[in-house]
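Residue numbering restarts at 1 for every chain, and letters A, B, ... go by the order of the sequence lines. Predicted, not measured: the structure shown is a model, and the values here were computed from it.
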There are 2 protein chains.
Amino acid sequence: MPRATFFNLPADKRQRIIEVALEEFAERPYDQASISRVVSRLGIAKGSLYQYFDGKRELFTWLVEEAGRKKLEAVSATPPPTGADLYARLRWLYAQGLLFIAASPRWARVALRSVEPSLDPEISRLRASSEAAAQAFLREQLARGQEEGSVRGDLSLELVVPLVHGLLSEGLMRAFLARAGVTDPLDPAAQSLGREDALAVVDAALSLLERGLRRGAP
Amino acid sequence: MPRATFFNLPADKRQRIIEVALEEFAERPYDQASISRVVSRLGIAKGSLYQYFDGKRELFTWLVEEAGRKKLEAVSATPPPTGADLYARLRWLYAQGLLFIAASPRWARVALRSVEPSLDPEISRLRASSEAAAQAFLREQLARGQEEGSVRGDLSLELVVPLVHGLLSEGLMRAFLARAGVTDPLDPAAQSLGREDALAVVDAALSLLERGLRRGAP
DNA sequence: ATAGCATATGACTACCCAGTCACATCGGAG
DNA sequence: CTCCGATGTGACTGGGTAGTCATATGCTAT
């Protein structure tokens, strides 16, 4: 979505623009992020930024797409477990997700911004489609699980999908960050979070999901 | 938190001010809610509103407190089940919560606004304390459950509390609203949600929580 | 009737924002 | 050396915001 001009820029300048814009859109929700602040931090004229991107929306959506690409790349770095059941697959997947947050908190934060509400109608559409995609993915996984027999059939997916989504998105994130005594991935204290934290949290979450809160072992 | 002047107002005028302010703060997050819009919708001068409330913060925090009172009142209307175990207690509690959302979506929305982030430091403190209170409450419930033997002891509450919070806050809400094909409690289509929906969703959530996703019956 | 207090007003200050555009500068091709 | 397209600029437009305050009006008690 950037204009051609943006890609003609010297790599270091382009990189700096990305970094500053990323920081702005990571720290504030779309409606409160400010192009004026970005250009003033960069020390360039506002008109220049408008040569690189058609507007605030384009800059944001490009950052979100870029964040998605980086996340996909990071998650694909480790190969998924083959032949494993639903719970093992989800364990692997969400562990990768948490590690991405720990490794690239600003990119992860921007990716999360894409499911936040906004007053801008176009951004709202982006939000709706991101949210729908996430739930559709989870639904597919759980449907596969039902076929495998690893997911009980007495609860409709219409109900289960959003519930599990709450557990594995907001819940998992909160549990992960709580390990560092923090509620925001951008908090400097969150840097102390590592692989062990991610695995501990994901193990607990999936054990809870699979077996429930009453009994550990079946 | 309102000034004395506010309570001296004729009841109908006061009521109308509450309604319009409620609508504004229900529809938009704190930072984007606008005092200017409130007064213009009310058709009164901005100075007048500042005679009733010291500022935007005071108006918002008062609405949040008021929402809390109304929610408590609504929840207390039905007596809690006595002698029931953790899951039955939570089932009752969260069903009441969903019914409050269905009955008073704007008040419920404002209550939820209190756990949204804001750039205003004072509002951020309110957010932190609301969030902490919610988790502390859940922690107490789960600790009681562990004593009763209805909650497995192999998972630390530090991990379980935020996970369950994700399931029973965001997850439950999403599942409830999804029944009306909606993602926002203020959406007019959400008015079709009733007691049966609340009970169905809460039953699914608590069954999932208690027994897990793999098997229904123990 | 008048004094004095409570209430109502809206123009005003001092900020912030996205986006535009006429103009300036640069750098390479001819 | 000159031209021209690409790049850079920042003042400007038109909009929004929270909060203030001198002034005006209503209302009540003497």
Side-chain angles (χ1 to χ4, degrees), chain A residues 1-18 20-21 23-25 27-64 113 116 118-124 126, chain B residues 1-18 20-21 23-25 27-63 113 118-124 126:
Chain A
M1 288 280 203
R3 307 257 212 102
T5 315
F6 184 63
F7 295 112
N8 295 339
L9 248 35
D12 57 335
K13 181 170 187 180
R14 194 170 60 231
Q15 203 48 45
R16 215 174 102 67
I17 290 169
I18 293 173
V20 171
E23 195 178 349
E24 178 68 13
F25 284 95
E27 279 174 355
R28 311 173 125 76
Y30 175 79
D31 292 312
Q32 278 166 282
S34 156
I35 296 296
S36 299
R37 205 158 27 220
V38 170
V39 296
S40 111
R41 283 200 205 185
L42 280 169
I44 65 174
K46 193 181 267 192
S48 298
L49 193 61
Y50 277 85
Q51 302 251 30
Y52 312 145
F53 293 90
D54 282 331
K56 189 182 177 181
R57 279 194 288 260
E58 284 71 20
L59 174 52
F60 176 68
T61 54
W62 183 73
L63 284 172
V64 166
R113 293 272 178 228
E116 289 180 353
S118 160
L119 299 183
D120 183 299
E122 193 172 321
I123 302 299
S124 290
L126 172 65
Chain B
M1 286 283 206
R3 306 256 210 105
T5 314
F6 183 63
F7 295 113
N8 296 337
L9 248 35
D12 57 337
K13 182 169 187 181
R14 194 169 61 231
Q15 203 47 44
R16 196 147 167 274
I17 291 169
I18 293 173
V20 172
E23 195 177 349
E24 178 69 13
F25 283 96
E27 278 174 355
R28 311 173 126 75
Y30 175 79
D31 292 312
Q32 278 166 282
S34 156
I35 295 296
S36 299
R37 207 161 22 223
V38 170
V39 297
S40 113
R41 284 201 205 184
L42 280 169
I44 66 173
K46 192 181 268 192
S48 299
L49 193 61
Y50 277 85
Q51 302 252 36
Y52 311 144
F53 292 90
D54 282 331
K56 189 181 177 182
R57 278 194 290 261
E58 284 72 20
L59 174 52
F60 177 68
T61 55
W62 183 74
L63 285 172
R113 293 271 179 228
S118 160
L119 298 182
D120 182 299
E122 194 171 321
I123 302 300
S124 290
L126 172 66

Please report, rounded to the nearest Å, how far the P atom of D/dA6 is from the CZ atom of A/Phe6.
19 Å
Contiguous Watson-Crick or G-U pair runs (3 or more, under 3.5 Å) in DNA chain D:
C:1-30 with D:1-30
By the 4.0 Å heavy-atom rule, please label B/Phe53 as base, sugar-phosphate, or nothing.
nothing
In whole Å, what is the span from the OH atom of B/Tyr50 to the P atom of D/dA18?
6 Å
Kindly state each residue pair satisfying salt bridge (Lys or Arg N to Asp or Glu O under 4.0 Å) with at least one member in residues 5-16 of chain B, sequence neighbours excluded.
none
Which pairs, protein N/O on one side and nucleotides 15-17 of chain D N/O on the other, fall under 3.5 Å?
residue, atom, partner, partner atom, Å
D/dT17, OP1, B/Ser34, OG, 2.9

Rounding to 0.5 Å, atoms CD (A/Gln32) and CZ (A/Phe25) come to a distance of 12.0 Å
Listed partners of A/Glu116 passing side-chain hydrogen bond (donor to acceptor under 3.5 Å, both in side chains), at least two apart
A/Arg113
List the atom pairs, with distances to 0.1 Å, where a side-chain N or O of residues 39-48 of chain A and a protein N or O form a donor-acceptor pair under 3.5 Å, not counting sequence neighbours.
residue, atom, partner, partner atom, Å
A/Lys46, NZ, A/Ser36, OG, 3.0

Heavy-atom nearest pair, A/Arg57 first then A/Ile123, reads CG-CD1, 4.0 Å
Which residues share a side-chain contact (heavy atoms from CB on, under 4.5 Å) with B/Pro2, sequence neighbours left out:
B/Phe6, B/Phe7, B/Phe53, B/Trp62
With sequence neighbours excluded, tell me which residues meet side-chain hydrogen bond (donor to acceptor under 3.5 Å, both in side chains) with B/Arg3.
B/Asp54
For A/Thr61, all residues meeting side-chain hydrogen bond (donor to acceptor under 3.5 Å, both in side chains), sequence neighbours excluded:
none
State which residues pass salt bridge (Lys or Arg N to Asp or Glu O under 4.0 Å) with B/Arg37; sequence neighbours excluded, sorted by chain then number.
B/Glu24
Calculate the interatomic distance between B/Leu49 atom CG and D/dT20 atom P; express it in whole Å.
12 Å
Check the distance between D/dA6's P and A/Tyr52's OH and give it to me in whole angstrom.
15 Å
Quick one: closest heavy-atom pair of A/Ser118 and A/Ser124, and the distance?
O-OG, 2.9 Å
Please pick, from D/dG8, D/dG10, D/dG19, the nucleotide with the shortest atom-to-atom distance to any side-chain atom of A/Ala45.
D/dG10
Students should find this one: the first and last nucleotides of DNA chain C, 5' to 3', lying under 4.0 Å from a heavy atom of chain A. What are they?
C/dC17 to C/dC21
Can you name the nearest heavy-atom pair linking B/Leu49 to B/Val38, along with the distance?
CD2-CG1, 4.2 Å
Rounded distance (Å) that lies between atom P of D/dG8 and atom CZ of A/Arg16
14 Å
List the protein contact pattern of nucleotides 22-30 of chain D with one symbol per nucleotide (5' to 3'): B for base contact, S for sugar-phosphate-only contact, - for none; contact means a heavy-atom distance under 4.0 Å.
---------
Nearest heavy-atom pair of A/Asp31 and A/Leu119: which atoms, and what distance?
OD2-N, 2.9 Å
Partners passing salt bridge (Lys or Arg N to Asp or Glu O under 4.0 Å) against B/Glu58 (at least two apart in sequence or in another chain):
none
May I ask you to evaluate whether A/Asn8 reaches the phosphate of D/dT7, defined as a side-chain N or O under 4.0 Å from OP1 or OP2?
yes
